[in-house]
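Here's the structure, in structure tokens; my notes come after.
A note on names: the letters A, B, ... follow the listed sequences, proteins ahead of strands, and every chain is numbered from 1.
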Amino acid sequence: MEFSILHTDPASSARSGLLKTGHGTIPTPIFMPVGTAGSVKGIHQRDLKDEVGAPIILGNTYHLYLRPGMDVLQKAGGLHSFMNWDRSILTDSGGYQVFSLAANRKLLPEGARFQSHIDGSRHMFTPERVVDIQRIIGSDIMMALDECTPWPCDAAYAKKSLDLTHRWLDLGWERYRNTGPLHGHDQTFFPIVQGSVYPDLRRRSAEYIAGKGAEGNAIGGLSVGEPAEDMYAMVAEVNAILPADKPRYLMGVGTPVNLLEAIALGVDMFDCVMPTRNGRNGMLFTARGILNMKNRKWMDDFSPVDEDGHCFADTQYSKAYLRHLIVSGEMLGAQIASLHNLSFYLWLVRQARNEIENGSFSTWKEKMVSVLATRL
RNA sequence: GGGGAGAUACCAAAGUGGCCAACUGGGGCAGACUGUAAAUCUGCUGUCGCACGACUUCGGAGGUUCGAAUCCUCCUCUCCCCA
């Protein structure tokens, strides 16, 4: 993997860059649609490329391991081939499932023991195993196994968890260094900073993570319920330590405003289920604000879904029609809303990049932040 | 023509003397959702009030009772079966 920074914003820590993987070049800052189980829910690959314009998407180690399973993925020749996606893929390690499936897992020094949410069967995820699985999946960017700590989280637990995440990182890193790709393209490995909302723990973790000399670094354990100001503060702490010449990935973030604020703090990569999940649930993000398409007020509003939108559905369907589809539980409603939200997210990071290159990012960001959170 | 069943809130449907402003579903309205156990979940849904609460409701009219959606009388309407 290669990363180069092209421009930096004079008034913030924002920067634009190019990230090259074996599956293409990714302009940064970038938002990566989440495709947990080998599919970005409701969006087929053609639209993901042609309408959304996504150069990279996510997959999930835990979910793909359970279904379709390693045997199928191996026979398929990896996830790219299996899902017919020739652009980049980043896989999460299952660290988020350590958090979200907390009731179904047990943390041990050697890894995380899961009980499948599908059939209750028991599985052991060690940091090494998670690398092996991601080798089979063939993701361009593999993630270290970590514990995504919940919020609130007391300092004692956060510290203990941090030590576990670092220990796991050592084991995963070692396995990464001692193995190679299986599908003929390069794979890299990102470690993850933890430390909850404690600046000293965050700094300690950032130093530890930076010490690995990975090609990119991730910030995890945020946007789990803490106030946005805490999240920004932690990102600022961490980014002061993580190498500036390597991409920084803020995991699981976030709202359009979160993205712009984090870009200003020097973050290059994002992923979040929000555009797809909230889209399925009737929420639309636009450059003018947020719409809840279930609201009665759109019932007979025949104006386009989003006049300044960037996918075909934005201008070809009316708000009234989309509201009807969503209220009626029609699949097409979820598809249109997801497509719209993803193309909006990708437009947002593209525009941020343009503004960085024009040297106007900070003023543009300030203007956008208030507009994006408006309830229409 | 004969026999039977039933009328409850927007719809469906419980409730058959006080714990009923009335179970539950649906519908409606609103909210939540951040490395996806989510095409999911939560709240409200007679009127007024922020709330405590007050007021008016269970086809209509009258009656019994301390007290009625629930019991009695009459009326109106609906459905089913047999001719």
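- Residue-to-nucleotide proximity on RNA chain B shows that, of A:K297 and A:Q194, the 5′-proximal contact is made by A:K297.
- Rounded to a whole angstrom, the distance from the P atom of B:rC19 to that of B:rC58 is 16 Å.
- Rounded to whole Å, the C1' atom of B:rU8 lies 16 Å from the corresponding atom of B:rU56.
- Nucleic acid contact class of A:G225 (heavy atoms, under 4.0 Å, all strands): none.
- Pairing each heavy atom of A:I356 with each of A:S16, the nearest pair is CG2-N, 3.8 Å.
- Counting only N and O atoms by type, the side chains of A:S205 and A:H166 include a donor and acceptor under 3.5 Å apart.
- For the pair A:N104 CG and B:rU36 C1', the interatomic distance rounds to 15 Å; values are reported in whole Å.
- Closest to the A:H63 side chain, of the nucleotides B:rU36, B:rU40, B:rG35, is B:rU36.
- Nucleic acid contact for A:L58: sugar-phosphate only, since backbone atoms but no base atoms lie under 4.0 Å from a heavy atom of the residue.
- Within a 6.0 Å sphere centred on CZ of A:R350, heavy atoms belonging to other residues, nucleotides or ligands number more than 12.
- With a cut-off of 3.5 Å on both pairing distances, B:rU64 has no Watson-Crick or G-U wobble partner at all.
- With B:rA39, B:rU36, B:rU34 as the choices, the nucleotide that has an atom nearest any side-chain atom of A:T36 turns out to be B:rU36.
- Taking atom C1' on both B:rU36 and B:rG27, the two are 29 Å apart, rounded to the nearest angstrom.
- If you take CE of A:M231 and C1' of B:rU34, they are 8 Å apart, rounded to a whole angstrom.
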Please tabulate, one pair per line, each protein N/O and nucleotide N/O from nucleotides 25-29 of chain B that are separated by under 3.5 Å, including the distance.
| residue | atom | partner | partner atom | Å |
| --- | --- | --- | --- | --- |
| B:rC29 | OP1 | A:R296 | NH1 | 3.1 |
| B:rC29 | OP1 | A:R323 | NH2 | 3.2 |

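- In this structure B:rA38 sits in no base pair that meets the Watson-Crick or G-U test at under 3.5 Å.
- Using N1 to N3 plus N6-O4 or O6-N4 for Watson-Crick, or N1-O2 and O6-N3 for G-U wobble, each under 3.5 Å, B:rC58 pairs with nothing.
- With P as the reference atom, B:rG15 and B:rG6 are 12 Å apart, rounded to whole Å.
- With both pairing distances under 3.5 Å, B:rG1 is matched to B:rC82 as a Watson-Crick or G-U wobble pair.
- Side-chain contact of A:Q316 with A:Y321: a donor-acceptor pair under 3.5 Å is absent, judged by distance alone.
- Atom P of B:rC71 sits at a distance of 11 Å from the matching atom of B:rA7, rounded to the whole Å.
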Evaluation steps, side-chain contact (heavy atoms from CB on, under 4.5 Å), between A:L169 and A:Y208: CA-CA 10 Å; A:L169 173 60; A:Y208 194 85; 4.3 Å; yes
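- Counting to the nearest Å, the C1' atom of B:rU34 and the CG atom of A:D230 are 15 Å from each other.
- Nucleotide B:rA7 has B:rU76 as its partner under the Watson-Crick or G-U criteria, with both atom distances under 3.5 Å.
- Side chain to side chain, A:S161 and A:T149 fail the donor-acceptor criterion of an N or O pair below 3.5 Å.
- Nucleotides B:rU64 and B:rA9 are separated by 27 Å at their P atoms, to the nearest Å.
- As the counterpart of B:rC44, B:rG28 is assigned, both hydrogen-bonding distances of the Watson-Crick or G-U wobble pattern falling under 3.5 Å.
- Note: CZ (A:R280) to P (B:rA32) measures 17 Å, nearest angstrom.
- Between A:R277 and B:rU40 there is no side-chain polar atom (N or O) within less than 4.0 angstrom of OP1 or OP2.
- Phosphate contact (OP1/OP2 of B:rG35, side-chain N/O of A:Q97, threshold under 4.0 Å): absent.
- Among all heavy-atom pairs drawn from A:H63 and A:T36, the shortest one is CD2-CG2, 3.2 Å.
- Checking A:R105 against A:Q97 by side-chain atom types alone, no donor-acceptor pair falls below 3.5 Å.
- Rounded to whole angstrom, the span from the CG atom of A:L339 across to the P atom of B:rA39 amounts to 18 Å.
- Residue A:S100 places no side-chain atom within donor-acceptor reach of the base of B:rU36, judged by atom type and a 3.5 Å distance cut-off alone.
- Atoms CD1 (A:I326) and P (B:rA38) sit 20 Å apart, rounded to a whole Å.
- On the P atoms, B:rG46 is 10 Å away from B:rA22, given to the nearest whole Å.
- When heavy atoms are screened at a 4.0 angstrom cut-off, A:T276 is found touching base atoms of the nucleic acid.
- Contact annotation: side chain of A:N60 to base of B:rG35, donor-acceptor pair absent below 3.5 Å.
- Under the Watson-Crick or G-U wobble criterion, with both distances below 3.5 Å, B:rC52 is left unpaired in every strand shown.
- Among the protein residues, A:R67 comes within range of no part of the nucleic acid, since none of its heavy atoms lies under 4.0 Å from any strand.
- B:rG28 sits 8 Å from B:rC10 when the C1' atoms are compared, rounded to a whole Å.
- When the C1' atom of B:rU42 is taken as reference, atom CG of A:N281 falls 12 Å away, rounded to whole Å.
- Taking atom NZ of A:K41 as the reference point, atom P of B:rG35 lies 12 Å away to the nearest angstrom.
- Between the side chains of A:Y62 and A:H117, at least one donor-acceptor pair of N or O atoms lies under 3.5 Å.
- Panel note: side chain A:Q45, backbone A:M83; a donor-acceptor pair is recorded below 3.5 Å.
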